[in-house]
Chemist: 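Could you have a look at this structure, given as structure tokens, before my questions?
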Number of protein chains: 2
Amino acid sequence: MTQAEGGATPRERYRAQVRAEIKERAWEQIATAGASALSLNAIAKQMGMSGPALYRYFRGRDELITELVRDAYRSLADAVGAAAKDGAEVAALAHALREWALADPHRYFLVYGTPVPGYHAPDDITAIASEIMALLLDACAGAVGPADAGATPFGTHLEENREWAGGHPAPPAALHRALAFWTRLHGVLSLELAGHFTGMRFDPAQLFAAEVDALAGPPGARGA
Amino acid sequence: MTQAEGGATPRERYRAQVRAEIKERAWEQIATAGASALSLNAIAKQMGMSGPALYRYFRGRDELITELVRDAYRSLADAVGAAAKDGAEVAALAHALREWALADPHRYFLVYGTPVPGYHAPDDITAIASEIMALLLDACAGAVGPADAGATPFGTHLEENREWAGGHPAPPAALHRALAFWTRLHGVLSLELAGHFTGMRFDPAQLFAAEVDALAGPPGARGA
DNA sequence: GTCCTTGCGTTAGAACCTATAACGAACGCA
DNA sequence: TGCGTTCGTTATAGGTTCTAACGCAAGGAC
């Protein structure tokens, strides 16, 4: 999208532009009907082209979706990164995450929703995921309270298996806090976005805020 | 499945039996390829029938899936109910939930996974969901610690909007704890089942256990 | 400016899918 | 034994992804 004009040859520029427009339409479809309803045929028709033309630009439906997942991850990393720029408070990251999720629920589900059985994310996507995790670890390492001294059972387990942190020099309590941040906020967000709270009258934002509050306090609270 | 033999007329018995077999095959397909790959045609072919025959038994793909969702909810309610029978410890419910989820991940995603845009669950399904919530509230109400006295901001918000608890006489702290139970354990389970922990070396079971531990302790810990 | 190559978009078609319509046969009930 | 309901069939319409083969047009080379 940004480097569409940076292409060398006219053909490459045109190609990049068409690819961008295809993804644009794809995002529109996903925003309204979800990823499962994404139809290459419909996109082509919408663009005034006839069906198989799109296969010049994407190997197939899977490759397009993989590209969209990549963009979604990139977008999330940017959103979280922007929030982590200054203060780097854990609550700020949480807020950025929620904003990003509410802005386009289907995009959230594209990243964190029900996985496709055969699908395995390519390396560059998992790299972006690690990048997000690093931001989270930074924030969590910066917020280690004095109460984090006591080692929890899970803390020691994490100490022994901390390869996933990619060499990040965070204490076990921070590792645990980062993991809890991820799983707890995903828990609230995914249930909210999936509509499991509709009917129940309480405000999901306040439940989310309560979880963020708990996260800002004790990490493994009462563990051991 | 159970009441297949309770039918009055031979026709009804046969019909119930065929419906049961269709659902059986559907579950097999879902277990291997997920709900999105469920094909009425394939089921029919597998049963030696030709395509449209299944429409005598289900209005369409949607009705079959709705039925499967209903069965999944029922199964979850039974599993949780069985665990709540005796001691009624919160940890026991958590363990039952995890067992149920790991037994068939795709079944879990059928209930808690990415929602289909147009779909709205029928009343009897939401009723089962309420039933599960009631079991959870029972367990949480029985585990109110002395530390739960202090009213958190979210606790008072829940006190004001407690219709979703269906008149359950649980203190606000128990309501909060039940909600946290649901969202936190779903957070860990769904990320684990979706494969977001693969590559990271830690044991998901221990993270789950740590969350259960935290749940058994302070509910809104440090809120306010 | 002219040729030649490369790539784009087309139509045709195979193999799926859901879903409806119309027909014939079998089954159960009286 | 007859009759009506229900079942399973085939045919059909319309949708999807994706491959193959063809023609045209645009870019680069000279």
Side-chain angles (χ1 to χ4, degrees), chain A residues 4-30 32-69 110 116-119, chain B residues 4-30 32-69 110 116-119:
Chain A
E5 313 163 67
T9 91
R11 284 228 133 116
E12 280 174 359
R13 279 197 298 157
Y14 178 74
R15 183 176 179 78
Q17 192 173 334
V18 173
R19 274 179 69 101
E21 180 172 355
I22 292 172
K23 293 207 281 185
E24 198 72 22
R25 310 277 183 165
W27 277 120
E28 291 170 11
Q29 279 197 14
I30 285 182
T32 61
S36 62
L38 192 151
S39 157
L40 292 190
N41 239 326
I43 293 176
K45 215 176 297 179
Q46 220 175 0
M47 291 175 64
M49 297 195 297
S50 236
L54 295 202
Y55 287 81
R56 297 281 177 198
Y57 301 93
F58 294 96
R59 276 178 87 91
R61 195 174 177 274
D62 283 7
E63 185 178 300
L64 174 56
I65 289 187
T66 297
E67 195 89 357
L68 297 176
V69 170
L110 203 55
V116 206
Y119 180 79
Chain B
E5 314 163 66
T9 90
R11 283 225 133 116
E12 281 173 359
R13 279 196 299 159
Y14 178 73
R15 182 175 180 80
Q17 192 173 334
V18 173
R19 275 179 67 102
E21 182 172 353
I22 292 172
K23 294 206 283 185
E24 197 74 23
R25 310 277 184 164
W27 278 119
E28 291 170 13
Q29 279 198 14
I30 286 182
T32 62
S36 61
L38 192 151
S39 156
L40 292 190
N41 240 324
I43 294 176
K45 215 175 295 180
Q46 220 174 0
M47 291 176 65
M49 298 195 295
S50 236
L54 294 202
Y55 288 81
R56 297 281 176 198
Y57 300 94
F58 294 95
R59 274 179 89 90
R61 196 173 177 274
D62 283 6
E63 185 177 301
L64 173 56
I65 289 187
T66 298
E67 195 89 359
L68 297 176
V69 171
L110 204 54
V116 263
Y119 180 77

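Here the structure is a predicted model, which means the values were calculated and not measured. Throughout, protein chains are lettered first and strands after them, A, B, ... in sequence-line order, and every chain is numbered starting at 1.
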Chemist: Rounded to whole angstroms, how far apart are CE on Met49(A) and P on dC8(C)?
Modeler: 11 Å
Chemist: Quick one: is Ser50(B) getting a side-chain N or O under 4.0 Å of the dG8(D) phosphate, OP1 or OP2?
Modeler: no
Chemist: Nearest 0.5 angstrom please: Gln29(A) CD to Leu68(A) CG, how far?
Modeler: 10.5 Å
Chemist: Taking donor-acceptor contacts at under 3.5 Å, does the side chain of Arg56(B) reach the base of dG8(D)?
Modeler: yes
Chemist: In whole Å, I'd like the distance from the CZ atom of Arg61(A) to the C1' atom of dC17(C).
Modeler: 13 Å
Chemist: Should Val116(A) and Asp62(A) be marked as a side chain to side chain contact (heavy atoms under 4.5 Å, CB included) after you check the CA-CA gap, both sets of side-chain angles, and the distance that decides it?
Modeler: CA-CA 10 Å; Val116(A) 206; Asp62(A) 283 7; over 6 Å; no
Chemist: Would you say a side-chain N or O of Ser39(A) is under 4.0 Å from OP1 or OP2 of dT17(D)?
Modeler: yes
Chemist: Do you know which two heavy atoms are closest between Ala35(B) and Leu110(B), and how far apart they sit?
Modeler: CB-CD1, 3.6 Å
Chemist: It should be established whether Arg15(B) places a side-chain nitrogen or oxygen under 4.0 Å from OP1 or OP2 of nucleotide dC7(D).
Modeler: yes
Chemist: I need the CZ-P distance between Phe58(A) and dT16(D), as an integer number of Å.
Modeler: 18 Å
Chemist: Kindly compute the distance separating CZ (Phe58(B)) from CD1 (Ile43(B)), expressed to the nearest 0.5 Å.
Modeler: 8.5 Å
Chemist: Measure from the side chain of Tyr57(A), starting at C-beta and using heavy atoms only, and say which of dG28(D), dT18(C), dG9(C) lies closest.
Modeler: dG9(C)
Chemist: Rounded to the nearest angstrom, tell me the gap between atom CZ in Arg13(A) and atom C1' in dG27(D).
Modeler: 12 Å
Chemist: Starting at the 5' end of DNA chain C and moving along, which residue's nearest nucleotide shows up first, Val18(A) or Leu38(B)?
Modeler: Val18(A)
Chemist: What is the distance, rounded to the nearest whole Å, between atom CD of Gln17(B) and atom P of dC27(C)?
Modeler: 15 Å
Chemist: For Arg11(B) and dA30(C), give me the distance from atom CZ to atom P, rounded to whole Å.
Modeler: 13 Å
Chemist: Please tell me which of Lys45(A) and Pro52(A) maps to the more 5' nucleotide of DNA chain D, matching each residue to the nucleotide holding its nearest heavy atom.
Modeler: Lys45(A)
Chemist: For Leu54(A) and dT16(D), give me the distance from atom CG to atom C1', rounded to whole Å.
Modeler: 13 Å
Chemist: Does Tyr55(A) have a side-chain nitrogen or oxygen under 4.0 Å from the phosphate oxygens OP1 or OP2 of dG7(C)?
Modeler: no
Chemist: Nearest 0.5 Å, please: how far is CG in Asn41(A) from OG in Ser50(A)?
Modeler: 8.0 Å
Chemist: When the distance from CG of Asn41(A) to C1' of dT16(D) is rounded to whole Å, what number comes out?
Modeler: 7 Å
